[in-house]
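All remarks here apply to the structure that follows.
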Amino acid sequence: MRKLLLHYLWRSPLTEAAPAPSEPALAELGAKVDQAARRRLGRSLSIREVDAGSCNGCELEIHALNNAFYDLERFGFHIVASPRHADVLLVTGPVTVNMREALERTYAATPDPKWVVAVGDCGRDGGVFAGSYACVGGVAAVIPVDLHIPGCPPNPIQLLEGLLALLQVQ
Ligand code: SF4
């Protein structure tokens, strides 16, 4: 026991250092999204995240947008607690049978104008869960989708680029 304890005390951590985002590129991208949102909406963007059956990998990347590295709030975006306050629904995962109604009701509760972004490969067509008896399919199988951000999972920069594309195209 003592030997095992000493082994783990002296062993170096297994975790890797987090990749540092390019601060100037991030600031430029964040400012562009904020400008596009203000042009479209006259204010900053409010985002509601909906996990429709994800493995949680996409959630980790979305949560990273708010961590000390990316700090999404400084660009004026807000992750809101209710779809009633949202402009964008960021939907992850394949839609599971059990989450289908919740997703439909969330969409119905979001005021117009609203946009739906399907996040990750699962959001497109079910990804690695496609064909499962527990899944309906991708997000578009349940509600209209305006943009898909590919990846398994997409990283925070790809998420920001997706939001910018959404605001510029719509
Ligand atoms: S796209 Fe990848 S990370 Fe995202 S929910 Fe599917 S399996 Fe998980």
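Predicted model, so just to flag it, every value in this text is computed and none were measured. Order of listing sets the numbers, starting from 1, for every ligand and every atom in it.
Those atoms of ligand 1 that come under 4.0 Å of a heavy atom in Asp121, given as number and element, are 1 (S). Close contacts between ligand 1 and Cys55 involve ligand atoms 3 (S), 5 (S), 7 (S), 8 (Fe) [criterion: under 4.0 Å to a heavy atom]. If you number the atoms of ligand 1 from 1 as listed, the ones under 4.0 Å from a heavy atom of Ser54 come out as 5 (S). Taking every heavy atom of Cys122 and a limit of under 4.0 angstrom, the matching atoms of ligand 1 come to 1 (S), 5 (S), 6 (Fe), 7 (S). Near Gly57, with a cut-off below 4.0 Å to any heavy atom, the atoms of ligand 1 are 3 (S). Interface of Cys152 with ligand 1, defined as ligand atoms under 4.0 Å from a residue heavy atom, comprises 1 (S), 2 (Fe), 7 (S).
Protein heavy atom nearest atom 4 (Fe) of ligand 1, with residue, atom name and distance: Cys58 SG, 2.4 Å.
Heavy-atom separations between Gly151 and ligand 1 include at least one value shorter than 4.0 Å. Using 4.0 Å as the threshold, Thr92 has no heavy atom nearer than that to any atom of ligand 1.
By the 4.5 Å heavy-atom criterion applied to side chains, Phe77 and Val33 are counted as neighbours. With contacts defined as side-chain heavy-atom distances shorter than 4.5 Å, the pair Leu72/Ile79 qualifies. Side-chain contact between Asn56 and His63 is absent, with no heavy-atom pair separated by less than 4.5 Å.
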